[in-house]
Protein chains: 2
Amino acid sequence: MQSIAEKYFCIFTKVMKQKKRVTIYDIAQKLNVTASTVSRALSNNGYVNEATRLLVQKTAAELNYKRNTLASNLRKGESKTIGVVVPRINQNFFANVIAGIEDSTYQKGYNLVICQSDEQYKKEVKCVNTLINQHVDCIVISVSVDSLNYDHLQNVIDQGIQLIQFDRVADELQTLKVINDNEQASFEAVCHMLEQGYKKIALLEGPQNLNIFRQRKNGYLRALKKFGVPVNSAYVVENAWTKELGAAATKKLLNLPDAPDAIFASTSDFSALGVLEVANGMQIKVPSQLGICGYSNEAFTEITSPSITTIDQFSMDMGRAVANLYFDELGNTNTSEIPKTIDIKPALIIRGSTSRKS
Amino acid sequence: MQSIAEKYFCIFTKVMKQKKRVTIYDIAQKLNVTASTVSRALSNNGYVNEATRLLVQKTAAELNYKRNTLASNLRKGESKTIGVVVPRINQNFFANVIAGIEDSTYQKGYNLVICQSDEQYKKEVKCVNTLINQHVDCIVISVSVDSLNYDHLQNVIDQGIQLIQFDRVADELQTLKVINDNEQASFEAVCHMLEQGYKKIALLEGPQNLNIFRQRKNGYLRALKKFGVPVNSAYVVENAWTKELGAAATKKLLNLPDAPDAIFASTSDFSALGVLEVANGMQIKVPSQLGICGYSNEAFTEITSPSITTIDQFSMDMGRAVANLYFDELGNTNTSEIPKTIDIKPALIIRGSTSRKS
DNA sequence: TATTTTTCTGCAATCGATTGCATATTGAAA
DNA sequence: TTTCAATATGCAATCGATTGCAGAAAAATA
């Protein structure tokens, strides 16, 4: 009888294995305990006899049981998951921030879900909604260039999900934030170039709806003012954040009657690379005839000829700060408090492209 | 009376909004229908009166209802989610594959969950288990350098989840695969260098537990054989897949009494970059004194001086092929059939670093 | 007009894991 | 020895969405 029961169970398990996953009820049945005991044994929660616990765990391993986190998270009301939305994952800056977040969350047994918006508002909304639907515990986001409306982020807050913005933030939303002091970094970069003797510095800026580009422009203006250099509006070019756009803007700038002698690509190193390629194409010597400064310390900035002066945003530190901010705020239910903003100081990395005096 | 009921409901909703998310039961209660009707109306499944359907959808929007996909997926037994595990997301190759997958899956309303193993077996196992627990419908993976054991992948299959391997595959597992013809690409690269007059070609190879590196080595050996060039084992260096490792290997090679006159960094363009930097440091002229060929067509290969000859793996096409393979196989329940392997042809990109005869 | 088919709604169960609490047993303390 | 506390287990409900099916009503067909 017992032998027959065992036999049927083996056949039943074999069929199941091909069609259905092992659940705690299968373990419970095999050990003649209830699912409740199995659950307690597997989670080491509540009281369970030590021998029973070991037997349950051994059987679970033998049957290759995998917990169903859909069910578990549904019941528990938490998922230990952080969703991250970035414009593009193949940009070093964002990839490094993610690495920094992962560095800290991995140790705490948190899962990371990474989404990319592809710099499209529509996709960003979809990413955010998908994460909301998945009941993640926190959403970390750097908004896309295309995003002019932040209702979807307000929605995150309304759903009771912690929202942390980093780098590109929507200022009007009162949320936790991790940022760089873009204005100061920009200010220092432009001062450096002025100190190198560059007198006519152009600015390649990004869309002014994004905080980071506004701040970088402010730093540029502040440096010019400090050195008593008048602002030439012909030297300020918008929407120059890709290599191609940077190259096109540079062609126009260098064809002005009163061409600039330096270009600050405040949007990205990719834009600066576009500048460098155009300068090379026009036989304009860098840094003696034209200074170039980028932003973000992409890997390639040190391998170009000459290497490109840029701003290091300490992206991995930023990622760690994001994760730590989340964990620090976990117990905090005081919602009338002003949400914290963490400021990671960027650094100016001086390289060949601006080293005129040497 | 009705006014009082409405009043209580508003207070109830307000409290709920701060503590609990709106569920279909809230909508049902408000409209005096059952949750069953609400569900049918929201999913447009089964029969539901048109006026009721519109009213339910309007109310859901007003209450900012968000479906709980934990519950939905649990009940439905499917998640419309594909999990992707790659060694590093900031490598262009992998980022582009992901972009290709996303390109195709986005149109079909599928969600993508991206994990990175950081080239660590331990993290790769965690990634895979997390995805299994999340009941994703499919796992797409390129294994890490560190992975010498593939039980975790067999486990994916055992759990009834579709597994697709790409690029770096475990040959012993009979799964769907999307690969490059690494051997042929390698063969062509080495033939090209031999045709350029390089006679002593060194190979920087990767760990031979990975299929891709074995194949690239085979192509190298085949080309040497075709040209009747004897194999010099001193010219074959293992574990040279980062820039730093490539640089170190190059120093040793170039200090040999009979130094090579070309180096094929078959592991990556990063390795080739290390070669280039060492050559520059030793005043060795590229391509006249030393030829350099990389692998993967990373973005920087066209901006170095000279630009680096490399292999383009058509990573985005690869990603699209992965997604399409998944969708093609969705209806297929014939498990006795040999799983398909899709082969994306790579292309040799000839640039300055190997252009000796010109 | 009677019969058949379609439409609609609600009930109850399902999915798999977790947990509050009742009950029984064992061990410790008075 | 009696009382109290700790240990252990099982029952039933919960989480939120989905869906099979029964029964009723409306529409279509004979």
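Chain letters run A, B, ... following the sequence lines, proteins first and then strands; every chain starts at 1.
- With dT9(D), dT19(C), dA17(D) as the candidates, the nucleotide lying closest to the side chain of Arg75(B) is dA17(D).
- The side-chain tip of Lys177(A) does not point at the ring of Phe166(A) from less than 6.0 angstrom away and within 45° of straight on.
- As rounded to whole Å, 9 Å separates atom P of dT19(D) from atom CD of Glu78(B).
- The pair Arg168(B)-Glu119(B) meets the salt-bridge criterion, since a charged nitrogen lies less than 4.0 angstrom from a carboxylate oxygen.
- Phosphate proximity of dT7(C) to Tyr47(B): present, with a side-chain N or O under 4.0 Å from OP1 or OP2.
- In this entry the distance linking CD1 of Ile27(B) with P of dT9(C) reads 15 Å, nearest Å.
- In summary, Arg88(B) and Asp118(B) engage in a salt bridge, as defined by a charged side-chain N under 4.0 Å from a carboxylate O.
- For Asn73(A) and dC15(C), the CG to C1' distance is 15 Å, given to the nearest whole Å.
- At the phosphate of dA17(C), OP1 or OP2 sits under 4.0 Å from a side-chain N or O atom of Tyr65(A).
- Mapped onto DNA chain D by nearest heavy atom, Ala35(B) and Val48(A) fall at different nucleotides, with Val48(A) at the one closer to the 5' end.
- Across all strands shown, Asn45(A) has heavy atoms under 4.0 Å from sugar-phosphate atoms exclusively, and none from any base.
- Mapping Leu74(B) and Gly46(B) onto DNA chain C by nearest heavy atom places Gly46(B) closer to the 5' end of the strand.
- Considering only side-chain N and O atoms, Thr34(A) lies under 4.0 angstrom from the phosphate OP1 or OP2 of dG10(D).
- Without hydrogens or angle criteria, Thr105(A) side chain to Ile101(A) main chain gives a donor-acceptor distance under 3.5 Å.
- Atom CG of Leu63(A) and atom CD1 of Ile24(A) lie 13.0 Å apart (nearest 0.5 Å).
- Note on Thr52(B): a side-chain N or O is less than 4.0 Å away from OP1 or OP2 of dT9(C).
- The distance between atom CG of Asn32(B) and atom C1' of dG10(C), rounded to the nearest whole Å, is 12 Å.
- Distance, Gln159(A) CD to dG16(D) P: 13 Å, rounded to whole Å.
- When the P atom of dA8(D) is taken as reference, atom CZ of Arg53(A) falls 11 Å away, rounded to whole Å.
- Contacts of Val33(B) with the nucleic acid, taken as non-hydrogen atoms under 4.0 Å apart, involve only primed sugar atoms and P, OP1 or OP2.
- If you check dA17(D), dA8(D), dT19(C) against the side chain of Thr23(B), the one that comes closest is dA17(D).
- In this structure, the NZ atom of Lys76(A) is 6 Å from the P atom of dT19(C), given to the nearest Å.
- Atom CG of Asn133(B) is separated from atom P of dC15(C) by 19 Å (rounded to the nearest Å).
- Nearest nucleotide to the side chain of Ser36(A), out of dA17(C), dT19(D), dG10(D): dG10(D).
- Looking at which nucleotide of DNA chain D each of Arg40(B) and Leu70(B) is closest to, the 5′-most match is held by Leu70(B).
- Scanning all heavy atoms of the two residues, the minimum distance from Val136(B) to Ser79(B) falls at CA-OG, 3.5 Å.
- Each of dA17(D), dT9(D), dT9(C) was ranked by its minimum atom distance to the side chain of Asn49(B); first place goes to dT9(C).
- Comparing dG10(C), dT18(D), dG16(C) by their nearest atom to the side chain of Thr37(B) picks out dG10(C).
- Not one side-chain nitrogen or oxygen of Ser39(B) sits closer than 4.0 Å to the OP1 or OP2 atom of dA17(D).
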